[in-house]
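Just so it is clear: chains get the letters A, B, ... in the order the sequence lines come, proteins before strands, and each one is counted from 1. Treat the numbers as computed from the prediction; the structure is a model and nothing was measured.
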Number of protein chains: 2
Amino acid sequence: MDAYHKLITFKIKPSVQRIAIMDYLLTHRTHPSVDEVYTSLCEAMPTLSRTTVYNTLELLSESGAALMLTIDEGKVCFDGDTSPHAHFLCRKCGKIYDLPVESTIKEVMGLSPDGHVIDEVHYYYKGTCKNCLAK
Amino acid sequence: MDAYHKLITFKIKPSVQRIAIMDYLLTHRTHPSVDEVYTSLCEAMPTLSRTTVYNTLELLSESGAALMLTIDEGKVCFDGDTSPHAHFLCRKCGKIYDLPVESTIKEVMGLSPDGHVIDEVHYYYKGTCKNCLAK
DNA sequence: GTGCTTGCAAATCGTTTGCAATAGC
DNA sequence: GCTATTGCAAACGATTTGCAAGCAC
């Protein structure tokens with residue numbers, strides 16, 4: 001699905017900026033930070049403001065069109081892939097990798113044994129990635 | 001185990017401040033932020049500085065004597081309980097609850113199918129807690 | 001006395017806010 | 001024209017840094 005239709009699907013009114021940001025998330029599976037999205041899009045859209053990127057990414061994650069990741073302390077990252085998967089952060093190079101989940105995240109959703117309602121699940125792993133191990 | 005011996009176990013040189021901070025984490029299972037630890041300890045130790053709290057909590061989490069939680073975007077929390085368990089954040093009241101983990105986190109530790117070395121695992125759940133549901 | 005630990009103040013950085021300019025129906 | 005969206009600049013708050021003073025062996 002392209003960016004425009006993903007916005008429509010999640011009931012988000014499309015605008016030039018929103019489509020560009022959604023498209024960036026869908027075509028760059030690098031789990032970018034706000035600043036990476038902003039800086040990358042600025043080349044093609046020089047009038048884009050950081051505020052709009054903040055607003056839009058918040059809107060996307062609240063609407064369910066993107067995931068807000070807090071695996072990296074001190075700065076938030078975003079993922080346009082909203083299918084169930086886990087995330088791995090390499091402490092050496094700082095890259096975030098996708099990992100498959102054994103027991104699907106969907107099973108956890110709903111009411112916890114303690115009586116809390118769970119509507120969002122994140123599995124975060126940290127360590128050293130394959131590439132950094134080889135060095 | 002008391003704070004002093006937990007520091008020794010994790011090869012951390014004890015000091016008055018480090019013992020006080022470790023003790024705070026062991027006796028307050030509220031997943032406090034840096035500021036909560038600092039403010040609470042300041043009453044009894046007026047000369048304590050925020051820098052020391054930052055340094056010590058970083059040292060504790062790097063040494064494995066405490067967990068650094070990033071479930072709450074924008075500010076980091078700490079947990080003196082280093083046994084395997086998951087965390088649930090209530091978006092209404094902001095409290096973090098401990099949850100038991102079905103498949104133990106220890107099983108995940110080690111080499112991932114992709115060849116990355118995993119040495120830290122966090123399971124984060126978000127939603128509305130029992131108490132807030134009742135209101 | 002040497003090296004580690006602490007504490008203060010200033011700086012930094014990601015993020016939020018207030019508000020005016022703009023775009024879309 | 002009305003409402004929602006965008007963009008700028010200033011404010012904010014958590015965290016980091018530089019460095020001097022203090023403590024322990």
Side-chain angles (χ1 to χ4, degrees), chain A residues 3-4 7-8 10-24 31-63 65-78 89 91 94 96, chain B residues 3-4 7-8 10-24 31-63 65-78 89 91 94 96:
Chain A
Y4 176 84
L7 292 180
I8 300 294
F10 286 91
K11 299 184 173 46
I12 298 167
K13 212 164 125 185
S15 72
V16 178
Q17 292 86 344
R18 288 174 179 174
I19 294 169
I21 293 168
M22 184 78 254
D23 181 67
Y24 187 87
H31 312 92
S33 66
V34 173
D35 219 66
E36 279 157 8
V37 175
Y38 169 72
T39 308
S40 304
L41 292 180
C42 256
E43 292 168 30
M45 299 179 74
T47 70
L48 183 67
S49 95
R50 236 184 212 89
T51 309
T52 300
V53 179
Y54 272 101
N55 288 340
T56 302
L57 288 172
E58 191 188 353
L59 180 66
L60 293 180
S61 64
E62 279 177 355
S63 309
L67 291 177
M68 180 190 281
L69 309 180
T70 59
I71 191 171
D72 202 347
E73 28 172 314
K75 91 170 179 302
V76 151
C77 297
F78 291 86
L89 171 69
R91 287 206 200 77
I96 297 173
Chain B
Y4 176 84
L7 292 180
I8 299 295
F10 286 92
K11 298 185 173 46
I12 298 167
K13 212 163 126 187
S15 72
V16 178
Q17 291 85 345
R18 288 175 179 174
I19 294 169
I21 292 168
M22 184 76 255
D23 181 66
Y24 187 87
H31 312 91
S33 66
V34 174
D35 219 65
E36 278 157 8
V37 174
Y38 169 71
T39 308
S40 305
L41 291 180
C42 257
E43 293 168 31
M45 298 178 74
T47 69
L48 183 67
S49 95
R50 237 184 212 90
T51 309
T52 300
V53 180
Y54 272 100
N55 288 340
T56 302
L57 288 173
E58 190 188 354
L59 180 65
L60 293 180
S61 65
E62 279 177 356
S63 309
L67 290 177
M68 180 189 281
L69 308 180
T70 60
I71 191 172
D72 201 348
E73 28 173 312
K75 90 169 181 303
V76 151
C77 297
F78 291 86
L89 170 70
R91 287 206 200 77
I96 298 173

TODO: Working to the nearest 0.5 Å, report the span between CZ of R18(B) and CG of D23(B).
DONE: 15.5 Å
Task: Point-to-point distance, once rounded to the nearest 0.5 Å, from OG1 of T56(B) to CD1 of I19(B) - done: 11.0 Å
Task: Protein proximity profile, nucleotides 19-25 of chain D - base contact B, sugar-phosphate-only contact S, no contact -, cut-off 4.0 Å on heavy atoms - done: -------
Open item on the list: For chain A and DNA chain C, what are the first and last nucleotides along the strand, 5' to 3', with at least one atom under 4.0 angstrom from a heavy atom of the protein chain?
Closed with: dG14(C) to dT17(C)
- [ ] Report the distance from atom CG of L57(A) to atom P of dT6(D), rounded to the nearest whole Å.
- [x] 12 Å
Task: Between C1' of dT6(D) and CG of L59(A), the distance in whole Å - done: 13 Å
Open item on the list: Test your reading of the model: is there a side-chain donor-acceptor pair from T70(A) to the backbone of T70(B), 3.5 Å cut-off?
Closed with: yes
Open item on the list: OP1 or OP2 of dT5(D) versus the side-chain N and O atoms of S15(A): is any pair under 4.0 Å?
Closed with: no
Task: Partners meeting side-chain contact (heavy atoms from CB on, under 4.5 Å) with A66(B) (sequence neighbours left out) - done: L25(B), L60(B)
Open item on the list: Taking A65(B)'s backbone N and O only, do any of them form a donor-acceptor pair with S63(B)'s side chain (distance below 3.5 Å, no angle check)?
Closed with: no
Kindly give the atom pairs (protein nitrogen or oxygen, nucleotide nitrogen or oxygen) under 3.5 Å for nucleotides 9-16 of chain D.
| residue | atom | partner | partner atom | Å |
| --- | --- | --- | --- | --- |
| dT15(D) | OP1 | V76(B) | N | 3.2 |
| dT15(D) | OP2 | Y54(B) | OH | 2.9 |
| dT15(D) | O5' | Y54(B) | OH | 3.3 |

Task: Contacts of D72(B) that satisfy side-chain hydrogen bond (donor to acceptor under 3.5 Å, both in side chains) - sequence neighbours left out - done: K75(B)
TODO: Using atom types as modelled and distance alone, determine if a side-chain donor or acceptor of E36(B) lies under 3.5 Å from a backbone N or O of S33(B).
DONE: yes
Open item on the list: Holding to side-chain hydrogen bond (donor to acceptor under 3.5 Å, both in side chains), I want the full list of residues that pass it with S40(B), two or more places apart in sequence or in another chain.
Closed with: Y24(B)
Open item on the list: Closest-nucleotide mapping onto DNA chain D: is L48(A) or N55(B) further toward the 5' terminus? I mean the 5' end.
Closed with: L48(A)
Task: Point-to-point distance, once rounded to the nearest 0.5 Å, from CG of L89(B) to CD1 of I71(B) - done: 5.0 Å
- [ ] Would you mind reporting whether I12(B) and L59(B) have side-chain heavy atoms less than 4.5 Å apart?
- [x] yes
